[in-house]
Colleague: 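Okay, here's the structure, questions in a sec.
Chain A is the first sequence line, chain B the second, and so forth, proteins listed ahead of strands; every chain is numbered from 1. If you're wondering where the values come from, they're calculated on a predicted model, not measured in any experiment.
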Amino acid sequence: MVMNNDLILEISNLSKAFGPIQALRDVRFDLRKGEIHAIAGENGAGKSTLMNIIDGILRPDRGEIRFDGKLVDIASPAMAQRLGIGFVHQEIALCPDISVAENIFMATTNVSRAPLMNYAMLTRKAAEVLARLGDIDPTALVQSLSISQQQLVEIAKALTLDCRVLILDEPTAALTEKEAQILFDIMRNLVSQGISIIYISHRMVEIFDHCDRVSVFRDGQYIMTKDVADTTPTAIVNAMVGRVIDKLYPEKQGEDEKSGRVILSVRNLADQSRFSDISFDLREGEILGIGGLIGAGRSEIVKGVCKLDRQVTGDIVLNGRSLDTADYQQSIQEGIVYLSEDRKGEGLFLDMTIAENISALSLRQVSSSIGILNDGLETGLARRLGAMLNLKCGHVGEPVSNLSGGNQQKVALAKLLSVNPKVIFLDEPTRGVDVGAKSEIHRILRDLVRKGVGVVMISSELPELIGVCDRVLVVREGRISGELTGMDMTEENIMYLASVSDTHLEAAQ
Amino acid sequence: MTQDFKATVLDGKPAHASNRPLERVKKLFRMRETGLVLIILALFIAMSFASPYFLTWVNMRAMAMAFAVEGIVVVGMTILLISGGIDLSVGSVTALAMVIAGLLFLSGVDPWTASALAILACTAIGAIMGFFVTVVGLHHFIVSLAIMVIARGACLLGTGGRPIGLYTLPPEFKFIGQGSIGVIPVVIIIFLVVVIASDFMLRRTTLFRKVFYTGSNEKAAAYSGIRTKHVVFFTTTLCSALCGVAGIIYMARFGSAQPTFGIGMELNVIAAAVIGGASLSGGTGTILGAILGVILLSVVSSSLALLDVSVYWQDIIRGSILLSAVTIDHYLNKRRR
């Protein structure tokens, strides 16, 4: 093999099996010095396994890893750290009860020989790192930060480790567009200092706007590596799924489907602090999108309509009838349901079976009048909804934790559909879902709308919002700052409404 | 023929139906209950060689009586654990039931009314704990720790710290704790009724399904429209009510009310439930498993006593069994995932 001085990391013939499952099969991968290299692949393609091997969390069964030209055996994360490999995991792993600064320097503190903590220095150094990332107080407790700020702290943590290779696993999943942009600037800056970045993302836009090369994996196998300049998003998506996806998004509402009949009407909805003056109509036949920055109050508004938050005032009219629901249980009975953005934390019962998950909202349907459960009805319901949503599983009696992200999301959706809802609110319905399942979910939403169900979808992913929705409301600082339809639904317009405040507008005029 | 094929596919049943009995056997062997039964059987066989008294009717009956009443408390604890709670006050509340019923009886109330009032009082204690957990928002552990101390204090206060003899209890009342129907002690019959009823309800009723949902993921349960606070309030109250029932049976059996009864009982009860598969983080557990857990602990105690092992050693051995059971389980779970 020719020695290549440009490569910081070189992997060849790497294999790894978990029991009978071959997670990686003879894959190769190389990373140049000072490049941003995107890794693309559906969930289960082997991306995480490969990254975990590079970070020393997993040991390969076979294969070679060369770091800076030398053959290495990365036996532990500590060793990966010594080599200069930093890994920012998708899941946030910070200690919530201690300060940002202490979290950032956890690893340094761990190897430090000084018997006492030097908090002043810790805070100062943390402030330096954080200054590059955003406005975060180093003395704040991590639990007081928003998810996106916590993500930035994770990145700050990796940056302090003097790494030469930085692995970022879907770092923008919880970030707003603005924060993501800051992250991309930081990435560019790091690369100019000679650091190499491995960037895992499902978002094609990010890959094509910010990465130099992209490698595609599928079913544990290496498929290809391309300069992003030489390929297209469609080509990458097709390589990822192994088949041709003709359209990324389903067709929108046709002209003839615009009945204009209002299904749900919300007037002057407000809670004490997070949002106020919320009024909107949901019409038959449309998918209504809600955009805005994370923390703008999107989820809170939707939870308010569903009465998941009880401290809400305002009028809700469903199909011409004024609703007086006191809690979410009553909303469900009226046919208003909510899909949480946090699938594992708030959406599913991971250690329970698929069937048990699906019937959680509809126990009455699967039991006798005195509350005795009927197994046959329960599995029947799960099978019927599973078939409708094209759920891929062995049988409905297996634990939902066995499923992939996309299929788990379908179970969460099936749970809501079991009650034949009239209006369904979805909060980030495709977060952490692979491309194939994502377009399936989009299609399901379109089908629901055609059947007369009202669909409202929150998404932080602008292309998704624009590609799927017929109309988009943008929320800023707890108020609806604008509504976009048709050709006006552009990323620029949404971002403008989401981030430019009225005072800015007045100043501009 | 085509019709049949279609039906099978639509049904979603596996086509290789011939493998199903084998699958079932395999599944049976993966179940924790099977492991517990095998361990208990092994103990039985070993003990029947080690001690001639072990496999006697008298000893069997004594062992069954020992775990039957505690088993009723274990049922309550298991359900509470499944919902994500825990109760350290079970021993004190059981004793309090005895003391309340005993004192009422001595003051002239008929024993049945006295018992009913005592069980009601225990239920009220459970409701108070439920209030502090669900409305105030405190942790089960702390609330029940406080109640454990308070209830014990109340027992000692009411009796002056001395056991109260209830020599005038009518025979028909003592029958609950001491009598037999045919050869089967009434205690065992009550125990079996509680076990079978609760096992059925836990597996088959919507009410108890909500207990599983709540314990498995309280947030997700709330986001499924389940009133999780009601569920936790219910399981907390139910556990204390069952302690009340157990206390009354003990009183009928001993013919006295003992204010110091049940010290350390919470450990045995929680250990039994956990050995039987209940998780302290909620969402899992079965009645059958918990009952096998309590049987295992009881057989071990009885065996050690027959082998003349010191009482102090018994505690050490019981603790070690709990630790090994949980450790083995932890590794088995890890491998499964």
Colleague: Rounded to the nearest 0.5 Å, what separation is found between the NZ atom of B:K219 and the CZ atom of A:F349?
Modeller: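 CZ of A:F349 is found 13.0 Å from NZ of B:K219.
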Colleague: For a quick test of reading the model, state the closest non-hydrogen atom pair linking B:R203 to A:L373 and the distance between them.
Modeller: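 Between these two residues, the closest heavy atoms are O-CD1, 4.0 Å.
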Colleague: Pick one of side chain, backbone, both or neither for A:E356, based on which atoms fall under 4.5 Å of a heavy atom in chain B.
Modeller: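 For A:E356, backbone and side chain are both near chain B.
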Colleague: Quick one: CG on B:L207 to CD1 on A:I370, what's the gap to the nearest 0.5 Å?
Modeller: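 So the gap between those two atoms works out to 12.0 Å.
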Colleague: Please walk me through it: do B:R204 and A:D375 pass side-chain contact (heavy atoms from CB on, under 4.5 Å)?
Modeller: CA-CA 8 Å; B:R204 312 281 317 160; A:D375 255 356; 3.6 Å; yes
Colleague: Is B:F200 close to chain A through its backbone or its side chain, or both, or neither, when contacts mean heavy atoms under 4.5 Å?
Modeller: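 Just its side chain gets close to chain A.
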Colleague: Using 0.5 Å steps for rounding, measure from the OG atom of B:S216 to the CG atom of A:D351.
Modeller: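 Result: 3.5 Å between the selected atoms.
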Colleague: Please state whether the side chain, the backbone, both or neither of A:L348 comes within less than 4.5 Å of a heavy atom of chain B.
Modeller: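 Backbone of A:L348 only, per the 4.5 Å heavy-atom cut-off to chain B.
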Colleague: Would you please indicate if the ring centroids of B:Y223 and A:Y338 are separated by under 6.0 Å?
Modeller: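 Close enough - the centres of the two rings lie under 6.0 Å apart.
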Colleague: Counting only non-hydrogen atoms closer than 4.5 Å, does B:A222 touch chain A with its backbone (N, CA, C, O), its side chain (CB onward), both, or neither?
Modeller: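 Only the backbone of B:A222 comes within 4.5 Å of chain A.
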Colleague: Do B:N217 side-chain atoms and A:G347 backbone N/O form a donor-acceptor pair below 3.5 Å?
Modeller: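 No: the side chain of B:N217 does not pair with the backbone of A:G347.
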Colleague: Just to verify, which of A:N357, A:V419, A:L361 counts as forming a side chain to side chain contact (heavy atoms under 4.5 Å, CB included) with B:S224?
Modeller: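 The side chain to side chain contact (heavy atoms under 4.5 Å, CB included) with B:S224 is passed solely by A:L361 among A:N357, A:V419, A:L361.
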Colleague: From A:Q365 CD over to B:T206 OG1, what is the distance, rounded to the nearest 0.5 angstrom?
Modeller: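 Nearest 0.5 Å value for the CD-OG1 distance: 13.0 Å.
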Colleague: With chain B, which of A:G380, A:G371, A:S368 has the greatest number of heavy-atom pairs at distances under 4.5 Å?
Modeller: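 Of the candidates given, the most pairs with chain B belong to A:G371.
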Colleague: Minimum heavy-atom separation for B:Y213 and A:S359, please, with both atom names.
Modeller: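 Scanning both residues, the minimum pair turns out to be OH-OG, 3.5 Å.
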Colleague: Walk me through whether B:R209 and A:M352 qualify under side-chain contact (heavy atoms from CB on, under 4.5 Å).
Modeller: CA-CA 11 Å; B:R209 171 65 69 76; A:M352 298 179 77; 4.1 Å; yes
Colleague: If you round to the nearest 0.5 Å, how far is NE2 of B:H230 from CD of A:Q329?
Modeller: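 It is 9.5 Å, given to the nearest 0.5 Å.
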Colleague: Under a 4.5 Å heavy-atom cut-off, does chain B meet the side chain of A:K307, its backbone, both or neither?
Modeller: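 Contact with chain B: none, neither part.
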Colleague: Of the backbone (N, CA, C, O) and the side chain (C-beta and beyond), which part of A:L308 lies under 4.5 Å from a heavy atom of chain B, both, or neither?
Modeller: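 A:L308 touches chain B through side-chain heavy atoms alone.
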Colleague: Check whether A:D327 reaches the backbone of B:G225 with its side chain - one donor and one acceptor, N or O, closer than 3.5 Å.
Modeller: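 Side chain of A:D327 to backbone of B:G225: no pair is present.
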Colleague: Using non-hydrogen atoms only, which part of A:L339 is less than 4.5 Å away from chain B: side chain, backbone, both, or neither?
Modeller: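 The answer is neither part of A:L339.
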Colleague: Do you know which of A:S340, A:A360, A:S367 has the most heavy-atom pairs with chain B at a distance under 4.5 angstrom?
Modeller: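 Answer, by heavy-atom pair count under 4.5 Å with chain B: A:A360.
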